[in-house]
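Okay, so here's the structure we're looking at.
Read the numbers this way: they start at 1 and go in the same order the structure lists the ligands and their atoms.
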Amino acid sequence: MTHPTPTSRLSGLHKNSIAERLARVVDFAGLDEDTAQHLADMGNLDPHLADHLIENVIATMNVPVGVATNMKVDGRDVLIPMATEESSVVAAVCNAARQCYGSGGFVTSTSGSLMIAQVQLVDTPDPAHARIRILERKAEIQALCDACDPLLVELGGGFRDLEVRIVDTAGGPMVITHLIVDTRDAMGANAVNTMAETIAPHLEGWTGGRVYLRILSNLADRRLARARATWTCEAIGGADVRDGIVSAYRFAAADPYRAATHNKGIMNGVSAVVLATGNDTRAVEAGAHAYAARQGWYSSLTTWEVTADGDLAGSIELPLAVGLIGGATRLHPTARACLKILGVDSAEALARVIAAVGLAQNFSALKALATTGIQKGHMSLHAQNIAMMAGAQGNEIAQVAAALVAQGTVRVDIAKQELARLRG
Ligand code: NAD
């Protein structure tokens with residue numbers, strides 16, 4: 001007997017309770033009782049909160065939070081919570097930070113906390129003239145924007161500047177207005193989007209154009225975070241290692257195929273802290289990659305050089321639109337706890353720590369790549385994952401993983417053989 005194809009048109013799912021939704025999904029996918037039970041356990045996230053954060057909630061996804069040690073940022077020792085499913089990421093930061101702790105750790109700075117909202121005007125009859133007319137209205141625009149968010153203004157934020165660009169497109173010139181807004185300790189997407197929507201009808205009235213989009217730009221290049229650190233030649237194992245790291249950087253700076261992987265490694269660290277603090281990983285990632293391509297070609301977010309003393313100098317600069325309030329930062333209890341561990345008192349301070357983590361991550365990746373290769377360090381942790389995939393439990397995991405590493409072959413089939421041997 002053939003079963004009817006289940007339908008994805010689950011009408012009213014959003015109105016169901018979490019348990020009702022899960023039951024419908026279990027039914028749809030034919031999940032067994034154990035899987036259903038597993039999904040029903042929502043761990044340490046209050047189901048009511050989860051249900052309010054997103055739509056159609058049926059479960060939560062637990063990701064490990066590890067803590068990076070050895071970090072000194074602007075003279076302060078800090079423990080860094082990192083949420084990631086990828087092995088080696090936390091260890092990489094610990095190792096890099098240990099090797100520059102003696103030379104002072106990381107020095108950081110920011111360009112401020114300015115976000116950009118864009119308003120798109122099309123079919124403007126006289127774009128150049130319209131641009132000037134909009135710029136003349138700066139004081140009026142400021143008043144309209146600031147009236148949207150009196151709390152933000154009270155906290156020292158609000159409208160800061162106005163930019164109007166004419167962008168040539170396949171559909172003709174568009175007049176693009178940028179509202180530049182200090183969003184203080186908020187990431188600021190909602191704050192600036194409200195301002196963009198408020199200003200839009202006025203722009204239409206002043207220019208005769210038609211507004212379509214009114215939304216922030218994730219290329220937050222007025223919200224840059226920077227970090228730098230120096231690793232002594234001695235601390236990293238000599239001039240060959242140093243030169244290998246510099247050469248690896250030059251490769252990334254010149255070749256987008258390499259730069260994508262180079263920057264992915266940086267984002268391993270950056271996104272893990274962004275996620276642990278309840279911030280928007282996609283916003284930060286979009287900003288970082290767009291910034292990496294700002295010269296017209298995609299390149300490295302970091303720079304590696306040799307100092308006059310022959311040491312290794314690393315630096316990073318990237319947009320980091322993160323907040324301490326807004327989004328899930330204040331709502332998610334784990335994010336709140338992670339912010340407490342970090343002990344940061346402003347969004348700028350958080351962004352600076354995250355930039356330091358990105359640089360640390362990149363140091364470790366380049367050092368491994370330029371010397372022993374990435375697999376050696378990666379494989380011992382990866383071997384544990386493979387051991388678990390093969391069914392190892394408890395103490396068996398470390399034993400099977402050690403056997404795989406010793407053989408230099410980390411494969412599930414070999415792990416299964418090792419496990420069978422171990423269990424006699
Ligand atoms: P929000 O609107 O929840 O909070 C910001 C508001 O909090 C401010 O407008 C202000 O009124 C108030 N506030 C209180 N104390 C403050 C302080 N110390 N500093 C600054 N503001 C303070 O959040 P948001 O930061 O405007 O928006 C962030 C959310 O928007 C995230 O969840 C993000 O995922 C989402 N989002 C992102 C995009 C994007 O990146 N493209 C688009 C839409 C929404």
Side-chain angles (χ1 to χ4, degrees), residues 45 49-55 57 60-61 63 83 110-120 142-160 176-200 212-225 267 270-292 318-336 338-340 342-352 354:
L45 186 61
L49 173 59
D51 210 15
H52 281 99
L53 284 176
I54 66 162
E55 308 77 37
V57 169
T60 55
M61 173 83 186
V63 174
T110 66
S111 67
S113 43
L114 300 179
M115 294 299 282
I116 301 168
Q118 300 190 292
V119 184
Q120 176 202 20
Q142 166 150 18
L144 285 162
C145 287
D146 283 347
C148 292
D149 204 333
L151 176 56
L152 184 62
V153 174
E154 201 178 297
L155 291 164
F159 178 92
R160 288 289 179 274
I176 308 298
T177 302
H178 284 189
L179 307 172
I180 297 161
V181 181
D182 187 339
T183 61
R184 310 302 289 176
D185 289 330
M187 181 268 189
N190 290 317
V192 302
N193 291 348
T194 307
M195 293 179 188
E197 290 191 4
T198 302
I199 222 74
Y212 278 127
L213 272 56
R214 298 143 291 163
I215 185 146
L216 88 161
S217 168
N218 285 113
L219 175 50
D221 61 0
R222 308 266 187 135
R223 203 173 191 174
L224 301 175
M267 300 314 285
V270 167
S271 295
V273 189
V274 172
L275 182 61
T277 55
N279 276 288
D280 184 334
T281 51
R282 291 80 54 210
V284 169
E285 281 159 12
H289 295 295
Y291 192 67
L318 77 169
L320 270 168
V322 290
L324 299 186
I325 75 121
T329 53
R330 280 275 167 96
L331 297 175
H332 198 299
T334 309
R336 272 205 313 273
C338 287
L339 283 168
K340 278 191 190 147
L342 276 166
V344 288
D345 57 5
S346 68
E348 281 192 20
L350 173 59
R352 294 204 314 258
I354 296 174

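Distance from atom 3 (O) of ligand 1 to its nearest protein heavy atom, with residue and atom name: Gly326 CA, 3.3 Å. Of the protein's non-hydrogen atoms, the one nearest atom 6 (C) of ligand 1 is Ile325 CD1, 4.0 Å. Scanning all protein heavy atoms for the shortest distance to atom 34 (O) of ligand 1 gives Asp280 OD2, 2.6 Å. With respect to atom 5 (C) of ligand 1, the closest heavy atom belonging to the protein is Ala186 CB, 3.7 Å. If you check which protein heavy atom lies closest to atom 42 (C) of ligand 1, you get Leu216 CD2, 3.8 Å. The closest protein non-hydrogen atom to atom 44 (C) of ligand 1 is Ala189 CB, 3.7 Å. Nearest protein neighbour of atom 16 (C) of ligand 1, counting heavy atoms only, is Leu155 CD1, 3.1 Å. Looking from atom 32 (O) of ligand 1 to the surrounding protein, the closest heavy atom is Gly327 CA, 3.3 Å.
Ligand 1 has a nitrogen or oxygen under 3.5 angstrom from a nitrogen or oxygen of Met187. Residue Gly188 places at least one N or O, backbone or side chain, under 3.5 Å from an N or O of ligand 1. Polar contact check, Ala328 against ligand 1: no nitrogen or oxygen pair lies under 3.5 Å apart.
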* Could you walk me through whether Asp221 and Ile116 pass the side-chain contact (heavy atoms from CB on, under 4.5 Å) test, one step at a time? => CA-CA 9 Å; Asp221 61 0; Ile116 301 168; 3.6 Å; yes
* **Verdict with supporting geometry, Asp149 and Val181, side-chain contact (heavy atoms from CB on, under 4.5 Å)** => CA-CA 11 Å; Asp149 204 333; Val181 181; over 6 Å; no
* Asked: Can Asn279 and Thr329 be said to form a side-chain contact (heavy atoms from CB on, under 4.5 Å), step by step?
  -> CA-CA 6 Å; Asn279 276 288; Thr329 53; 3.6 Å; yes
* Would Val274 and Asp280 satisfy side-chain contact (heavy atoms from CB on, under 4.5 Å), going step by step from the backbone distance to the final call? -> CA-CA 7 Å; Val274 172; Asp280 184 334; 5.7 Å; no
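Summarising the geometry of Asp182 relative to Gly156, their closest heavy-atom pair is OD2-O, 4.2 Å, with the distance given to 0.1 Å.
Residues Leu350 and Leu339 have side chains in contact (heavy-atom distance under 4.5 Å, counting atoms from C-beta outward). Proximity of Thr177 to Ile199: side-chain heavy atoms (C-beta onward) are nowhere separated by under 4.5 Å. The shortest distance between side-chain heavy atoms of Val273 and Val322 does not fall below 4.5 Å.
Counting only distance, with no hydrogens or angles, the side chain of Asp185 and the backbone of Ala347 share a donor-acceptor pair below 3.5 Å. Looking only at distances, a side-chain donor or acceptor of Arg223 sits under 3.5 Å from a matching main-chain atom of Met187. Distance alone, capped at 3.5 Å, places no donor-acceptor pair between the Arg330 side chain and the Ala328 backbone. Ser271 places no side-chain N or O within donor-acceptor distance of the main-chain N or O of Thr281, the cut-off being under 3.5 Å. The backbone N or O of Ala117 sits nowhere less than 3.5 Å from a side-chain atom of Asn193 that would complete a donor-acceptor pair.
Under the 4.0 angstrom criterion for non-hydrogen atoms, Gly323 is not in contact with ligand 1. Residue contact check for ligand 1: Asn193 places a non-hydrogen atom closer than 4.0 Å to it.
Which parts of ligand 1 touch Ala283 is read off a 4.0 Å heavy-atom cut-off, strictly below it: atoms 40 (O). Near Thr183, meaning under 4.0 Å from any of its heavy atoms, are these atoms of ligand 1: 19 (N), 20 (C). If you number the atoms of ligand 1 from 1 as listed, the ones under 4.0 Å from a heavy atom of Asp185 come out as 17 (C), 18 (N), 19 (N), 20 (C). Close approach of ligand 1 to Leu151 (heavy-atom distance below 4.0 Å) involves ligand atoms 11 (O), 12 (C), 13 (N), 14 (C). Against a heavy-atom cut-off of under 4.0 Å, Arg184 is close to the following atoms of ligand 1: 19 (N), 20 (C). Which parts of ligand 1 touch Leu152 is read off a 4.0 Å heavy-atom cut-off, strictly below it: atoms 20 (C), 21 (N).
Only the side chain of Asn218 comes within 4.0 Å of ligand 1, counting heavy atoms alone; its backbone N, CA, C and O stay farther away. The part of Asp149 lying near ligand 1 is the side chain, judged by heavy-atom distances below 4.0 Å.
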